[in-house]
Asker: 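Pasting in a structure now, in structure tokens, and then I'll have a few things to ask.
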Amino acid sequence: MRDVTTLREAVYSLLETYGRLLDDDKLEDWVELFVEKSRYEIISREKREQGLPLSLMLCDSKDMLHDRIMSLREANIYNLHRDCHVIGLFRVDSEDGITVSAPYSLFQSTLEGDSRLFSIGRYHLKLVEMDGKLLIERQTVVVDTAAIPTLLATPI
Amino acid sequence: MRDVTTLREAVYSLLETYGRLLDDDKLEDWVELFVEKSRYEIISREKREQGLPLSLMLCDSKDMLHDRIMSLREANIYNLHRDCHVIGLFRVDSEDGITVSAPYSLFQSTLEGDSRLFSIGRYHLKLVEMDGKLLIERQTVVVDTAAIPTLLATPI
Amino acid sequence: MRDVTTLREAVYSLLETYGRLLDDDKLEDWVELFVEKSRYEIISREKREQGLPLSLMLCDSKDMLHDRIMSLREANIYNLHRDCHVIGLFRVDSEDGITVSAPYSLFQSTLEGDSRLFSIGRYHLKLVEMDGKLLIERQTVVVDTAAIPTLLATPI
């Protein structure tokens, strides 16, 4: 379908878009990176290693993800912040479908300009190609940083 | 002129050099990444979104950038620190000139070795090709982190 | 031997693997990224610039690195943490052997999920190709962040 270099460039582009849309608060556009029957989950590294099925956030369809974003838009008045995603080196495996793994660092700033490390961890993605474009079928965000209430404010 | 992959590699190389020269305190060499008629500006995300023309730093020629560096060399005795730039995934658009956007995280360490997150935000660059080499014609650094006095110590 | 793009992809893959194995606590696998006669050193930026030969960690063979990992496995009961490496843009020079330089940010999280910036600095690598695979012959980690006792807990 694609050669390795082209696939890597397409994955790079997807991850770049992923981070930029979140940083620009374009959450509705960010949802469009997912296919209809998709699954987005945030889970702590500890829970995952223990095999516990407790998610910090779980949307098992694009519709559910969209509803979530709408709720955020309505509710998220008192917790305004800005994201900055710095995504690290990624790995692509295309032997059995396209899977991607990448560490991320997510910084947040208040509107007053106080910045802090908000979350670190690793993305695990399963991608599919539709109409020549890569989309997310499944994403698990494994966070090293413990869940705090505001963690649920926006996707990671 | 260049194919997409070659252009991406040239942009990668420019951004890598950009961060490394600043981290190595080679500010004079860093200035050479800009063309003569260039513009370098640091602005807060908040001010930018409000359309306010208040810059944290503004040099609208390479000469002015050079003067700035010379001033830093003379004045910057009491504020010694080391930079470490970790630049994230970038986007290149070559439809109307070459524009690049990339998130960055900038850490600083004192000479005693205390490290901290200093600034996060996003670079917006307009590049030109001269003698087969990419140079910066215009750069806007949009910072998420509020301006603090030492912000102006060195370029970001 | 390799063209520039292929070499860059191989270096990318090595650095990605390097960070991931450490983050996944696969230290024994990480050691396998080094050749037998290798040298791994961690040194502070300050000491390096002063030309002082004081290392924070020095292993001058793969065997020694392996012993070190074994000691960590036995001793490291009370200092459990998780690493997250976000490695920045790297530079490859292949004129006189293959040398690589890359800034890194290393975050650590406790088992309770408190994350913090642990160390920033720059990797300097000398690589060799063996059986079509890149391996590390020499690595110097120049850290901007001062040595703290736990610095020696695991490799950076």
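Since we're looking at a predicted model, the values are computed, not measured. Every chain is numbered from 1, with letters handed out A, B, ... down the list of sequences.
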Asker: Chain A heavy atoms under 4.5 Å from C:Asp83: which part of the residue, side chain, backbone, both or neither?
Answerer: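 Contact with chain A: backbone only.
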Asker: Among C:Ser13, C:Gly19, C:Gly88, C:Ser115, single out the residue with the greatest number of heavy-atom pairs under 4.5 Å to chain A.
Answerer: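 Among C:Ser13, C:Gly19, C:Gly88, C:Ser115, the one with the most close pairs to chain A is C:Ser115.
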Asker: With sequence neighbours left out, what residues match C:Met64 under side chain to side chain contact (heavy atoms under 4.5 Å, CB included)?
Answerer: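 By the side chain to side chain contact (heavy atoms under 4.5 Å, CB included) rule, C:Met64 matches C:Cys59, C:Asp60, C:Ser61.
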Asker: Can you name the one residue among C:Val141, C:Leu72, C:Leu65 that meets side chain to side chain contact (heavy atoms under 4.5 Å, CB included) with C:Pro155?
Answerer: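 Of C:Val141, C:Leu72, C:Leu65, side chain to side chain contact (heavy atoms under 4.5 Å, CB included) with C:Pro155 is met by C:Leu72 alone.
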Asker: Does a side-chain N-to-carboxylate-O contact under 4.0 Å join A:Asp144 and C:Arg82?
Answerer: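 No, A:Asp144 and C:Arg82 are not salt-bridged.
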Asker: If you count heavy-atom pairs under 4.5 Å between each of C:Glu112, C:Glu16, C:His85 and chain A, which one has the most?
Answerer: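 Counting heavy-atom pairs under 4.5 Å, the top option is C:Glu16.
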Asker: One thing to verify: whether A:Glu46 and A:Arg48 come together as a salt bridge, which I'm taking to mean a side-chain N less than 4.0 angstrom from a carboxylate O.
Answerer: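 Looking at A:Arg48 and A:Glu46, the cut-off is not met.
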Asker: For A:Phe90, which atoms come within 4.5 Å of any heavy atom of chain C: side chain, backbone, both, or neither?
Answerer: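 Both parts, backbone and side chain.
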